[in-house]
Amino acid sequence: MKSKGLFILAICAIAAVLLVAGCTDTGSKTTETKDTLSFGYQPSTHQVAYMVAKEKGWWAADLAPFGITKIEDHKFPTGAPEMQSMLAGDIDVAYVGAAPVISALATGLDAKIVAAVQVQGSDLVVRPEVNYTGPEDLKGLTIATFPPGTIQDTLLRDWLQANGINPDTDVDIRPMGPGDATVAISESAVDAVFLPHPAPSTIVAEGNGKIAVQSGEMEKDHACCVLVVSGDLIRNHPDMVDQIVRTHIKATEYVIANQNETAQIYHDMNKVDMAVIEDSFATWDGRWITDPSIIITSVVDYTKVQADLGYIDHPLTEDEIFDLSFYRKATEA
């Protein structure tokens, strides 16, 4: 009887150990393996850091120690479809405007902004025959810009309202991607466009428009593109996220220090005329940055604007949008 009792106690002890081990393992960050990483980006000079890291082979080399054997990327015309793809689980990491991230987070996206990409860098371009002296001259005009919920749409509507112009009744705002908008202004189908670079330089070079307002004049140092990582990566592969941020910082610093080579890389990947890219780099009012703390106020303010516009139900908080821990760790040394 004694031996039987000891046997039962031993079985119970083993079961308890297995139960505890099982519970502990459920929360482990090493239970899931991942060999493919999917990026989303747009063909804008705003996000050229992604392109440089890809061309240099840094994404593949830097993430190989974490078991990544394949890098996939998906090109999107604007941030709205890019965030729809991330909501569907098709991409893990996104270079995208901060505003569409807000819209996606408000509708259930499991992700966080972990680094900044750039600020400013979009232009309002009007047809050559439009006599632009101030916002009042836009009344009655048709303006093409990115779809609702994007940086360009959010910023344009907020700026128009701030200048006493109703964006729903005083102007005709039409949602378009950069290619369609560039064609539309060339064919006089619209009177103006508000687009990120290098599209404004392309339109000017082709004689189809002139720069009326740069986005930094609408809102100084406003946030534009950001680096977004899925909640799954943050929870289950934090060391990989740390390296993603480090590679992004390395690529951004390289872009800033080597703009001639960067222009060539952009040309090779997007087939935009070199003279246009060089003009874009020389005339845009954007800046490539990485520190997310610089853009926190601007991004949180976007949530208030989007709530006022009816794009989201209520404003979001900093903690709902950002995870600053990875950038801090990457820049501690």
Side-chain angles (χ1 to χ4, degrees), residues 39 41-59 73 75-79 95-97 116-128 132 144-146 151-152 155 176-187 192-218 220-227 247-290:
F39 284 82
Y41 77 104
Q42 296 161 49
S44 162
T45 51
H46 290 199
Q47 300 174 14
V48 73
Y50 171 75
M51 303 172 210
V52 167
K54 177 184 177 181
E55 177 66 20
K56 293 287 185 182
W58 292 340
W59 292 123
D73 62 25
K75 187 186 293 187
F76 298 88
T78 69
Y95 278 75
V96 64
V117 172
Q118 50 77 234
V119 295
Q120 305 186 160
S122 297
D123 291 346
L124 177 67
V125 185
V126 299
R127 290 279 309 158
Y132 180 86
T145 194
F146 282 9
I151 285 288
Q152 286 71 28
L155 192 63
M176 296 185 191
D180 289 342
T182 299
V183 171
I185 195 170
S186 73
E187 296 178 347
V193 299
F194 183 49
L195 299 172
H197 272 260
S201 289
T202 297
I203 294 166
V204 171
E206 293 174 350
N208 296 319
K210 57 187 179 183
I211 307 300
V213 184
Q214 294 189 304
S215 63
E217 299 174 65
M218 296 179 175
K220 183 174 173 56
D221 294 328
H222 70 84
C224 196
C225 292
V226 294
L227 181 62
T247 301
H248 167 62
I249 293 171
K250 175 171 66 175
T252 302
E253 290 174 347
Y254 194 89
V255 165
I256 294 169
N258 301 275
Q259 292 193 29
N260 288 338
E261 183 183 353
T262 296
Q264 185 64 54
I265 289 172
Y266 184 87
H267 165 76
D268 293 343
M269 292 184 69
N270 298 281
K271 308 308 177 189
V272 176
D273 188 90
M274 274 294 290
V276 168
I277 304 167
E278 290 167 352
D279 177 77
S280 175
F281 282 4
T283 62
W284 80 320
D285 71 344
R287 299 195 318 277
W288 294 292
I289 64 170
T290 57

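For the pair L155 and S215, the minimum side-chain heavy-atom distance is below 4.5 Å.
To the nearest 0.5 Å, the span separating CD on Q152 from CG on L124 amounts to 11.5 Å. A distance of 12.0 Å separates CE of M176 from CZ of F146, quoted to the nearest 0.5 Å. Within the model, atoms OG1 of T252 and CZ of R287 stand 13.0 Å from one another, a figure rounded to the nearest 0.5 Å. Atoms OG1 and NZ, from T247 and K54 in turn, are 15.5 Å apart once rounded to the nearest 0.5 Å. Between the CD1 atom of I151 and the NE2 atom of H222 there is a distance of 7.0 Å, given to the nearest 0.5 Å. Between atom NE2 of residue H197 and atom CD of residue Q118 there is a gap of 10.5 Å, rounded to the nearest 0.5 Å.
Sorted by first then second residue, the side-chain hydrogen bond (donor to acceptor under 3.5 Å, both in side chains) pairs that include residues 265-278, not counting sequence neighbours, are Q264-D268. Applying the side-chain hydrogen bond (donor to acceptor under 3.5 Å, both in side chains) test to residues at least two apart or on different chains, none of the pairs has a partner in residues 178-187.
Paired with Q47 under the rule side-chain contact (heavy atoms from CB on, under 4.5 Å), one option of C224, C225, P196 passes, and it is C225. For the pairing with H248, the ring pair (Phe, Tyr, Trp, His ring centres under 6.0 Å) check across Y50, Y95, F39, Y41 returns one residue only, Y95.
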Next on the checklist: Run V119 and I289 through side-chain contact (heavy atoms from CB on, under 4.5 Å) and show every step you take.
Outcome noted: CA-CA 7 Å; V119 295; I289 64 170; 3.6 Å; yes
Item to check | side-chain contact (heavy atoms from CB on, under 4.5 Å) between E261 and K56, intermediate numbers included | outcome: CA-CA 11 Å; E261 183 183 353; K56 293 287 185 182; 2.6 Å; yes
Checklist entry - Between F194 and V213, is a side-chain contact (heavy atoms from CB on, under 4.5 Å) present by the stated rule, with each step listed? => result CA-CA 9 Å; F194 183 49; V213 184; over 6 Å; no
Item to check | Intermediate values then yes/no, side-chain contact (heavy atoms from CB on, under 4.5 Å), V96 and F76 | outcome: CA-CA 9 Å; V96 64; F76 298 88; over 6 Å; no
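Residues passing the side-chain contact (heavy atoms from CB on, under 4.5 Å) test with K220 are Q120, sequence neighbours excluded. Not counting sequence neighbours, the partners of Y254 by the ring-ring contact (aromatic ring centres under 6.0 Å, His included) test are W58. Scanning for side-chain contact (heavy atoms from CB on, under 4.5 Å) contacts around D279 gives S201, T283, with sequence neighbours left out.
The two atoms that bring A181 and V193 nearest to each other are O-CG1, 3.7 Å, heavy atoms only. The minimum heavy-atom distance between V125 and I185, with the atom names listed, is O-CD1, 3.8 Å. The two residues G121 and D285 come nearest to each other via the heavy atoms N-OD1, 2.9 Å. The two atoms that bring P178 and P77 nearest to each other are CD-O, 3.3 Å, heavy atoms only. Of all non-hydrogen atoms in G177 and T78, the two that sit nearest each other are CA-CG2, 3.9 Å.
Classification of the H46-W284 ring pair by plane angle, with boundaries at 30° and 60°, yields tilted.
Judged by distance alone, the side chain of D123 and the main-chain N or O of Q214 form no donor-acceptor pair under 3.5 Å. Judged by distance alone, with hydrogens and angles left aside, the side-chain atoms of S280 form no donor-acceptor pair with the main-chain N or O of V276 at under 3.5 Å.
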Throw together a table of side-chain donor-acceptor distances under 3.5 angstrom for residues 203-210, partners on residues two or more places apart or in other chains.
| from | atom 1 | to | atom 2 | distance (Å) |
| --- | --- | --- | --- | --- |
| K210 | NZ | P128 | O | 3.3 |
| K210 | NZ | V130 | O | 2.9 |

